[in-house]
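Worksheet: the structure to be examined is printed underneath.
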Amino acid sequence: MAPVGVQRIFNPDGEVAAAKAASTECIPYILSTASSTSLEDVATANGDGGQRWYQLYWPARDKDDITISLLTRAKKAGYTTLFVTLDTYLLGWRPSDMDNGYNPFLRADQIGVALGFSDPLYRKQFKQSHGKEIEEDMSAAAFEWMRTIFSGTSHSWEDIAFLKEHWDGPIVLKGIQTVADAKKCVDVGVQGIVVSNHGGRQQDGGNSSLGMLPHIVDAVGDELTIFFDSGVRSGSDIAKALALGADCVLIGRPYIYGLTLGGEAGVSHVLKSLTGELELTLHIAGIPSARKKDLNSDRSD
Ligand SMILES: Cc1cc2nc3c(=O)[nH]c(=O)nc-3n(C[C@H](O)[C@H](O)[C@H](O)COP(=O)(O)O)c2cc1C
């Protein structure tokens, strides 16, 4: 399940419901830094049997202490793989959000800032600089946290060494859309990439993620684990992405629609439907498994 922020906007049970459903359906859950629930509470909901990964919105290098605090908390709470989203160091131009004056991080209920508000270091620093607790000036605290995680400052390839120093598990870079960048990921020694255009929500007119997938797989598929997302809506879409060389597919909006309409049960329903349709698609196509060797074999004759 792709990292999707602010899930309590869609349903009051938000990330807790989604992480519970993930665990029930044996699907890994990726928690966003823009979560509306603390990472510790999501870990509890996901449980001992759940597989959970953490997605970092990476603060600028002058806030390395905050990055270390987030990574340390995530590791302690059982998140095993680090996804680092590269395509959103600032938010894209989103006309409908602007028309509605909508910014989830600045809403009166401060819904997308739970990881900051629950971070002991951020709380301490806020108190030192403002002379008061976060709860005494939630608007200022929310604004500063948003500027921390969407800093407007991109990172360099050299900065990856810092993450490797502070995360002793696999690292996956999310938002790769070119062969050249994919090759760079091999050079800097990460374990995986997500070929993603952020569900089309960042760069208007950007590449089609599925269009780029086979080129990137050809270039680095033997060296990196390739995740794919953006636009997967059905089990047959999953089969196509796997057949084009993805090792794993992330789902964004479909499970959020389930969360919105039906909470935990709604998310479970979407996950069951997608995996069910994938299985059926393979059966009907006469493909014995979702393994690469079966999906990629030449069936033209
Ligand atoms: C409402 C919404 C919020 C999102 N929040 C995040 C986020 O916090 N972090 C992140 O890396 N990607 C975020 N994404 C992008 C997803 O992780 C994923 O790349 C995208 O949704 C995949 O496309 P799909 O929705 O077509 O499946 C968000 C997407 C949506 C729709």
Side-chain angles (χ1 to χ4, degrees), residues 1-11 14-15 18-19 22 27-39 42 52-59 70 74 79 81-92 94 96-97 100 102-105 107 111-116 145-146 148-151 154-155 171-177 192-204 206-213 226-238 240-241 246 248-260 267 270-271 273-274 277-278:
M1 291 160 71
V4 169
V6 293
Q7 292 185 12
R8 283 177 46 234
I9 285 180
F10 312 110
N11 184 300
E15 290 83 3
I27 303 279
Y29 180 78
I30 311 179
L31 178 73
S32 162
T33 297
S35 171
S36 48
T37 310
S38 81
L39 63 80
V42 175
R52 50 188 172 273
W53 301 332
Y54 174 61
Q55 175 261 320
L56 180 68
Y57 274 138
W58 191 357
L70 289 170
Y79 297 80
T81 295
L82 178 64
F83 284 70
V84 186
T85 298
L86 304 178
D87 56 23
T88 313
Y89 61 92
L90 75 178
L91 291 176
R94 300 177 179 183
S96 59
D97 285 359
N100 291 315
Y102 172 75
N103 182 329
F105 308 100
R107 279 165 52 128
I111 208 160
V113 291
L115 261 58
W145 181 250
M146 190 193 81
T148 301
I149 61 172
F150 302 116
S151 69
S154 62
H155 293 82
I171 297 178
V172 178
L173 300 183
K174 178 170 182 279
I176 299 299
Q177 285 283 274
I193 56 175
V194 187
V195 177
S196 165
N197 64 17
H198 210 99
R201 290 161 54 81
Q202 278 293 91
Q203 173 75 62
D204 191 21
N207 290 334
S208 134
S209 197
L210 193 73
M212 290 314 298
L213 177 65
I226 313 278
F227 295 79
F228 168 78
D229 81 18
S230 300
V232 174
R233 293 292 176 272
S234 64
S236 67
D237 285 350
I238 298 174
K240 288 170 199 161
C248 184
V249 167
L250 307 186
I251 310 294
R253 275 162 284 203
Y255 85 82
I256 294 298
Y257 299 146
L259 177 67
T260 306
V267 177
V270 169
L271 298 177
S273 301
L274 287 168
E277 193 195 351
L278 170 63

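Numbering of ligands and ligand atoms starts at 1, following listing order. Please read these numbers as outputs of a predicted model, since none were measured by experiment.
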Legend entry - Heavy-atom donor-acceptor pair, Tyr255 side chain to Ala2 backbone, under 3.5 Å: yes
Legend entry - For atom 3 (C) of ligand 1, closest protein heavy-atom neighbour: Val4 CG1, 3.5 Å
Legend entry - Candidate with minimal heavy-atom separation from atom 20 (C) of ligand 1, of Pro254, Gly199, Gly112: Gly199
Inset, instruction - Please report which non-hydrogen protein atom sits nearest to atom 27 (O) of ligand 1, along with the residue it belongs to and the distance in Å to one decimal place. - result: Gly252 N, 2.9 Å
Legend entry - With Phe10 via ring pair (Phe, Tyr, Trp, His ring centres under 6.0 Å) - residues at least two apart: none
Inset, instruction - Indicate the ring-plane relationship of Tyr57 and His198, choosing parallel, tilted or perpendicular according to the 30° and 60° boundaries. - result: parallel
Inset, instruction - Measure from NZ or CZ of Arg52 to the centre of the six-membered ring of Tyr79, then state whether that distance is under 6.0 Å and the direction lies within 45° of the axis. - result: yes
Inset, instruction - For Asp204, look at atom CG and say whether over 12 heavy atoms of other residues, nucleotides or ligands are found less than 6.0 Å away. - result: no
Inset, instruction - Compute the minimum heavy-atom distance from Tyr57 to ligand 1 and say whether it is under 4.0 Å. - result: yes
Inset, instruction - Could you check whether the rings of Trp58 and His155 sit parallel, tilted or perpendicular, using 30° and 60° as the cut-offs? - result: parallel
Inset, instruction - Without swapping roles, check the side chain of Thr33 against the backbone of Gln55 for a donor-acceptor pair under 3.5 Å. - result: yes
Inset, instruction - May I ask you to identify the nearest protein heavy atom to atom 5 (N) of ligand 1, giving residue, atom name and distance to one decimal place in Å? - result: Gly5 N, 3.1 Å
Inset, instruction - Would you mind checking which non-hydrogen protein atom is closest to atom 1 (C) of ligand 1, with the distance to 0.1 Å? - result: Arg201 NH2, 3.6 Å
Legend entry - Heavy-atom proximity to atom 16 (C) of ligand 1, best of Ala34, Ser230, Ser32, Pro3: Pro3
Inset, instruction - Enumerate the atoms of ligand 1 whose separation from the nearest heavy atom of Ser196 is less than 4.0 angstrom. - result: 19 (O)
Legend entry - Geometric N/O contact Val232 with ligand 1, under 3.5 angstrom: no
Legend entry - Selection from Arg233, Gln55, Lys174, Arg253 by shortest heavy-atom distance to atom 12 (N) of ligand 1: Lys174
Inset, instruction - With sequence neighbours excluded, tell me which residues meet side-chain hydrogen bond (donor to acceptor under 3.5 Å, both in side chains) with Ser236. - result: Ser234
Inset, instruction - Could you tell me whether Thr85 approaches ligand 1 through its side chain, its backbone, both or neither, with non-hydrogen atoms closer than 4.0 Å? - result: side chain
Inset, instruction - Considering only non-hydrogen protein atoms, determine which one is nearest to atom 18 (C) of ligand 1 and report residue, atom name and distance to 0.1 Å. - result: Asp229 OD2, 3.2 Å
